[in-house]
Amino acid sequence: MRKLNFKIVSAILMLVLAVSFTSCSSESDDKDTEPTENLFDKSKLKITITKTSNNPDTRRLTIDYEVTNIANIPYEFVDDGNYYIKFTVFATDGTKFEERVPMPSLSAGATKTQYGVVEFTEGKVLNLGALTYEIVLV
């Protein structure tokens, strides 16, 4: 009776192992799977600076801007990549100051008003004509 139970248990274990191995797939089996790359194109985000306020007393440059999603799909901050707007401004002596501001989630075709603040060193004079921005993936 003991030998019979051992044989039954062994057969069941072998069957379970066989089913487990045959149900596993290798990477080559997944050739038809769509890539999970980020489909959102950062060039579909339009930035328009509407106002800048340079306050040397507080050593802050405030940048008011609008960001528009000109794509026909929504942009979701976490799902589509963590895009930021990087503002860069130079002082008249060449010192570079920059700040990154998170890109808000936007429905297709939507516009959102936001602001960013770039802090700078006391005594520096900013060249606002050299203010630039770019959308970066972080």
**Student:** To the nearest 0.5 angstrom, please state how far the CG atom of Leu45 sits from the CD1 atom of Ile135.
**Tutor:**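 Atom-to-atom, Leu45:CG and Ile135:CD1 are 4.5 Å apart.
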**Student:** Output the distance between atom OG1 (Thr62) and atom CG (Asn54), rounded to the nearest 0.5 Å.
**Tutor:**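 Here the rounded value is 9.0 Å.
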**Student:** In terms of hydrophobic clustering (I, L, V, M, F, W, Y; side-chain heavy atoms under 4.5 Å; direct or indirect links), are Ile70 and Leu106 co-clustered?
**Tutor:**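 Shared cluster, no.
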**Student:** Ignoring hydrogens, what is the shortest heavy-atom contact between Phe97 and Ala91? Give both atom names and the distance.
**Tutor:**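 Looking at all heavy atoms of both residues, the closest pair is CE1-CB, 4.1 Å.
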**Student:** Going by the rule ring-ring contact (aromatic ring centres under 6.0 Å, His included), which residues pair with Phe87 if we only count those two or more places apart in sequence or in a different chain?
**Tutor:**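 Per chain and number, Phe87 pairs via ring-ring contact (aromatic ring centres under 6.0 Å, His included) with Tyr65.
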**Student:** Show every side-chain hydrogen bond (donor to acceptor under 3.5 Å, both in side chains) that has at least one partner inside residues 129-138, sequence neighbours left out.
**Tutor:**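 Listed once each, the pairs are Lys86-Glu134.
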**Student:** According to ring-ring contact (aromatic ring centres under 6.0 Å, His included), who are the partners of Phe90, at least two apart in sequence or on a separate chain?
**Tutor:**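 Listed in chain order: nothing, the list is empty.
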**Student:** At what distance, to the nearest 0.5 angstrom, does CG of Leu137 lie from CE of Met103?
**Tutor:**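 One finds 11.0 Å between CG of Leu137 and CE of Met103.
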**Student:** Could you pull out all residues at least two apart from Lys96 that satisfy salt bridge (charged side-chain N to carboxylate O under 4.0 Å, His left out)?
**Tutor:**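 Glu98.
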**Student:** Would you tell me whether Thr111 and Thr68 have side-chain atoms, one donor and one acceptor, within less than 3.5 Å of each other?
**Tutor:**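 Per modelled atom types, Thr111 and Thr68 side chains form a pair under 3.5 Å.
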**Student:** Side chains of Ile85 and Ile47: does their closest heavy-atom pair fall under 4.5 Å?
**Tutor:**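 Touching, per the 4.5 Å side-chain cut-off.
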**Student:** Applying side chain to side chain donor-acceptor pair (under 3.5 Å), name anything that partners Thr58, two or more places apart in sequence or on another chain.
**Tutor:**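 Thr58 satisfies side chain to side chain donor-acceptor pair (under 3.5 Å) with no other residue.
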**Student:** Could you give the distance from CG (Leu131) to CG (Leu61), rounded to the nearest 0.5 Å?
**Tutor:**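 So the CG of Leu131 and the CG of Leu61 are separated by 6.0 Å.
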**Student:** Would you say Asp64's side chain and Thr50's backbone share a donor-acceptor pair under 3.5 angstrom?
**Tutor:**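 No, Asp64 side chain to Thr50 backbone: no donor-acceptor pair under 3.5 Å.
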**Student:** How close do Ala108 and Ala71 get, counting heavy atoms only, and between which atoms?
**Tutor:**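 Closest pair (atom of Ala108, atom of Ala71, distance): CB-O, 3.5 Å.
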**Student:** Output yes when a side-chain donor or acceptor of Tyr75 lies under 3.5 Å from a complementary backbone atom of Tyr83, and no otherwise.
**Tutor:**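 Checked: pair present.
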**Student:** Using the side-chain contact (heavy atoms from CB on, under 4.5 Å) rule, take Lys46 and Val67 through it: C-alpha gap first, then chi angles, then the decisive distance, then the call.
**Tutor:** CA-CA 6 Å; Lys46 179 183 170 199; Val67 57; over 6 Å; no
**Student:** So, the side chain of Lys44 versus the backbone of Asn69: is there a donor-acceptor pair under 3.5 Å, distance only?
**Tutor:**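 Answer holds: no.
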**Student:** Could you tell me the separation between the CZ atom of Arg60 and the OG atom of Ser53, rounded to the nearest 0.5 Å?
**Tutor:**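 Rounded to the nearest 0.5 Å, the CZ-OG separation comes to 11.0 Å.
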**Student:** Identify each donor-acceptor pair in which a side-chain atom of residues 114-126 lies under 3.5 Å from a protein atom, sequence neighbours left out, and give them as a table.
**Tutor:**
| from | atom 1 | to | atom 2 | distance (Å) |
| --- | --- | --- | --- | --- |
| Lys124 | NZ | Asp93 | OD2 | 2.5 |
| Lys124 | NZ | Thr95 | OG1 | 3.2 |

